[in-house]
Amino acid sequence: MKDGYDPSAVEAKWQRLWDERGTNRFTLEQLRAAKDPYYNLMMFPYPSAEGLHVGNIYAFTGADVHGRYHRLRGKTVFEPMGFDAFGIHSENFALKVGKHPMDLIPSNVANFTRQLKRIGGMFDWNHAVDTTDPDYYKWTQWVFVQLFEAGLAERKEAPVNWCPSCMTVLANEQVIAGECERCGTAVEQRRIAQWFFKITKYAERLLDNLARIDWSEKTKKAQVNWLGRSEGARLRFPVVDEKGRETGTTIEVYTTRPDTVFGATYMVLSPEHPLVDKVTNPGLSPPVYAYRDKARQKDLVARQKVDKTKTGVSTGGYVRNPATGQSIPIWIADYVLMGYGTGAIMAVPGHDQRDFDFAQQFELPIVRVVAGPGADATTSLDEAYVGPGVLVNSGRFDGTDVTDSVRVLTRWAAEQGWGEGQVNYRLHDWCISRQRYWGPPIPIIYCDACGPVAVPADQLPVVLPRVEDFQPDDSGVSPLARVESWYRTTCPKCGKPARRETDVSDTFLDSGWYFLRYPSTDFRDRPFDAAITKKWLPVDSYIGGHEHAVLHLLYSRFVTMALHDLGHLDFEEPYDVFRAHGLIISEGAKMSKSKGNVIVPDPVIEEYGADTLRTYLMFLGPFEEGGDYRQEGIQGPYGFLHRLWDTVVSAGEGTADAAVERKVHQTIRQVTEQIPSLQYNTAIAALMECLNVVRAGGRAYVRAEVEPLVPLLAPFAPHIAEELWERLGHRGSIFDGANWPAYDPAKAAETSVTIAVQVNGKLRGSISVAKGAAEAAVVAAARADENVARHLEGVQEKKVIYVKERLVNFVVVA
RNA sequence: GCCGGGGUGGCGGAACGGUAGACGCGGCGGCCUCAAAAGCCGCUGUCCUCAGGGACAUGCGGGUUCGAUUCCCGCCCCCGGUACCA
């Protein structure tokens, strides 16, 4: 065929036209004037040196399909793209190849941009952001200052992982089995003063708001678990000497089972607990300090690892159990974490498995205080009992049902003055300090007289200096701490000599507000313009990977909430709708270099075109579940696009066949319903099915039968759709108008239906009847079917099940 | 361990409690072509068959129902997340 489908020519032509005409770009005026705005956001990539992989393309295409669909429905769709280019990955890669990240990032960004244009995304390149651009991170620093001035940032000491060989701080994910992922050296723990955002202040709102945002349940659940709300009580145990006299010190514990306080037979402090020194009996201090030092040396991951065998040492000190009045010993053990609750627990070995294991290990007393069915106060325990029952061995509270006991005992503790109910969250404050080079400097100046002072707004950005030696060293502080000319400054308040903060901030802060920046990149004097923000935000649809279901989404919700409270935003939830895409695997296995099954998009586009790749990726499986990329499978969508092309360019004029037209309208209905709910694979299948009907048996198809398929396909394969649209005689871009076809329910309606005929639930035949046929007529027709009649012979009919337009089932006894 | 999500032909995957396997890949046979690409037609879950059909089939075992891939109970396996959270 002389005018065959040539993907590379078609794609080059339309990408050029989109670019020339500004089809996907907005001016500030257009953003301001937009009718029916729709903010279609997708998670921006980290621009690696390898370029986009097929997983990125999958995610972006799925989001782009969504955006293009809404555009064809008449909405003004803003679809920006950017680069999350700061962070340890870029920095480590730069160190590895011996180049400077300031040189590497621009070429990576250029390569990503080229690839993103090539896949035909509807990106507005007028509004791209790059988190490493001082014009961007100026405002990242501004966000920090806002939170700092609102009292939401604080500096405190916290443990970090430290690799003594690489001389660097490691993130938890860089510690593999207690060793540095790069050099294999045993990782240590160090304590370093760092900046934290007080996200825990927002824990309750972050949890409560989940109920009113349209996110997939899966994602919400992940956030709920991460926030980890628990209800319990804070109880105070007085420290006593050997004779049981109070020393004046009390230790607070947090427990979700204050009702089991009568069973608390010992107390455990975290080795890092500040009262360890105070309660330790001088005679026992050598083993106590030895244990504490050992715990301190462990890296953070190993420290929190669940071990089968519990370890710990006795401090020789005692507290009085305020419920029983008895003195109980104080131990320290690393199964108690300083970072949760109060860093101290009352151990109830009878009803907590961890305490039970510990008590057995060290022969501490185990007392039953809850009796389940068939048990009483004397029934022995061979594991912790956590089921229902009533309190026993609990003085006046014996017999209280555990469904009420927490409430009852909490009230009692409060009346006695040694406790009160408390809600606790697992969530920690957000540590944003990185003792690294490749990030935005934290905009703080330390002055001996004034303390930490925020860099004034008119002095932002604090520009990251180009430092050739950015290798971390043993000092444990950022490489910027070696650049004296940079960190020496004067205090903005008093003008005396002062010193800049030399740590940089976490990349999650960069991505914590980027969606606010996109529509406002035209403004250099403000992070986001009030009117533009009001018009475009919150985000209408956010699509991204589930690996960010917790941290990124939680942090950006927090930043939004805080900015809302400070009066900068009039909404507190950034994303109305969030959906996570699935994961692409290749040939049945996770993609990895070692397996050699990594799909590189460029050669695929070379051979088949971007439209085929996009359509194939969306056809692989349900978008929210992912799919298996199999090299051979791409032939399906490739052939489909060829057939569609051939059909459109050779379609005759004339009226549509009624049955074909019915199929077309059914297809419009299905695709219209399925695209917004991300059921892309079945929508594409419907398009294929429809084309098969149009072309069935080599019949002479006409234009009216195939034309509606062009806009229906356009979200998936935008280039070929543009070209065919033009060849069908339309002017301009198909995406410039609300060109989505409407379906006519009357034309989509079937005139006859096939009805399954069963005998005792087994299929024995099928009959075709007119739609709306009376039940009696259908049953009679069913009975008349030869094979059905055979199965009804000589049996007794009990009843007939009739499901309208579906089936007839004769229930018989043999 | 806990929390999610899954187990359906040779493969990817479809199926409001109502004809399991849509659509596609692969395979087989045929057409077109000098040839290739693209395209076209037919067949394709397994077993039995008197060629009309029949039996078995949605991880395993039970249950509810006229009817279960779908709902309920109990297991097994895979994938993702999380890690002693008191």
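A note on names: the letters A, B, ... follow the listed sequences, proteins ahead of strands, and every chain is numbered from 1.
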Any-strand Watson-Crick or G-U partner of [N], both distances under 3.5 Å:
N	result
B/G4	B/C79
B/C84	none
B/A15	none
B/G52	none
B/G39	B/C31

Would you say the side chains of A/Glu624 and A/Gln679 form a donor-acceptor pair under 3.5 Å?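 No.
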Assess the side chains of A/Ser270 and A/Tyr335: does a donor N or O sit below 3.5 Å from an acceptor N or O?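 There is no such pair between these side chains.
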Given atom [atom1] of [X] and atom [atom2] of [N], what is their separation to the nearest angstrom?
X	N	atom1	atom2	result
A/Ile801	B/G17	CD1	P	18 Å
A/Tyr616	B/C11	OH	C1'	10 Å
A/Asn809	B/G18	CG	P	13 Å
A/Glu673	B/A15	CD	P	13 Å
A/Asn760	B/G54	CG	C1'	16 Å
A/Phe623	B/G13	CZ	P	15 Å
A/Arg630	B/C25	CZ	C1'	6 Å
A/Gln631	B/G24	CD	P	20 Å

Given the [atom1] atoms of [N] and [M], what is the spacing between them in whole Å?
N	M	atom1	result
B/A35	B/G54	P	46 Å
B/A57	B/U69	P	10 Å
B/G9	B/G13	P	12 Å
B/G45	B/A14	C1'	15 Å
B/A22	B/G10	P	14 Å
B/A68	B/U58	C1'	11 Å
B/G42	B/C76	C1'	42 Å
B/C48	B/C43	P	22 Å

From [options], pick the nucleotide closest to the side chain of [X]?
X	options	answer
A/Gln635	B/G12, B/C66, B/G26	B/G26
A/Asn787	B/G54, B/A86, B/C23	B/G54
A/Tyr335	B/G24, B/G53, B/C84	B/C84
A/Val811	B/U19, B/G18, B/C66	B/C66
A/Trp226	B/C23, B/U82, B/A38	B/U82
A/Ala685	B/A14, B/A86, B/C23	B/C23
A/Asp628	B/A86, B/G12, B/G24	B/G12

Quick one: is [X] getting a side-chain N or O under 4.0 Å of the [N] phosphate, OP1 or OP2?
X	N	value
A/Arg806	B/C16	no
A/Lys221	B/G4	yes
A/Tyr254	B/A86	no
A/Ser230	B/A86	yes
A/Lys590	B/G80	yes
A/His642	B/A37	no
A/Arg764	B/G54	yes
A/Lys762	B/C56	yes

With salt bridge (Lys or Arg N to Asp or Glu O under 4.0 Å) as the criterion, how do A/Arg783 and A/Glu797 come out once you've worked through the C-alpha distance, each side chain's angles and the decisive distance to 0.1 Å? CA-CA 12 Å; A/Arg783 222 183 275 286; A/Glu797 280 184 38; 2.5 Å; yes
Which part of the nucleic acid, if any, lies within contact of [X], taking any heavy atom under 4.0 Å across all strands shown: a base, the sugar-phosphate backbone alone, or nothing?
X	value
A/Glu625	nothing
A/Leu620	sugar-phosphate
A/Gly633	sugar-phosphate
A/Asn681	sugar-phosphate
A/His351	nothing
A/Gly639	sugar-phosphate

Between the side-chain atoms of A/Lys798 and the base atoms of B/C66, is any donor-acceptor pair under 3.5 Å?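 Between B/C66 and A/Lys798, which were checked side chain against base, a qualifying N/O pair under 3.5 Å is absent.
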Donor-acceptor pair, side chain of A/Thr200 and main chain of A/Asp429, under 3.5 angstrom: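 Side chain of A/Thr200 to backbone of A/Asp429: no pair is present.
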Under 3.5 Å: donor-acceptor pair, side chain of A/Asn424, backbone of A/Ser230: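 No; zero donor-acceptor contacts below 3.5 Å.
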Since syn is defined as within 90° of 0, does B/G9 count as syn or as anti?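 Syn, angle within 90° of zero.
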Is B/G52 in the syn range, within 90° of 0, or in the anti range?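 Syn, which is what one calls it when the glycosidic angle falls within 90° of 0.
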Just checking A/Lys201: does its NZ atom have more than 12 heavy atoms from other residues, nucleotides or ligands closer to it than 6.0 angstrom?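 No - once you tally the heavy atoms of other residues, nucleotides and ligands closer than 6.0 Å, there are 12 at most.
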So for atom CD, which belongs to A/Glu420, do other residues, nucleotides or ligands contribute more than 12 heavy atoms lying within a distance under 6.0 Å?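 Yes, CD of A/Glu420 has more than 12 neighbouring heavy atoms, counting only those of other groups under 6.0 Å.
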Under the 6.0 Å and 45° cation-pi test, does A/Lys310 pair with A/Phe358?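 Judged by the rule, A/Lys310 and A/Phe358 form no cation-pi pair.
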Does A/Arg426 count as lying over the ring of A/Trp226, i.e. NZ or CZ under 6.0 Å from the six-ring centre, within 45 degrees of the axis?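 Ring-cation test returns yes.
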Hey, which of these two, A/Gly343 or A/Gly627, hits RNA chain B nearer its 5' end, going by closest nucleotide?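 Going by which nucleotide is closer to the 5' end, it is A/Gly627.
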Check the orientation of A/Phe623 and A/Tyr58. Use parallel for under 30°, tilted for 30 to 60°, and perpendicular for over 60°.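 If you compare the ring of A/Phe623 with that of A/Tyr58, the planes turn out tilted.
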Those residues of residues 690-701 of chain A lying under 4.0 Å from RNA chain B by at least one heavy atom: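 Hits under 4.0 Å, by residue number: A/Asn692, A/Arg695, A/Gly697.
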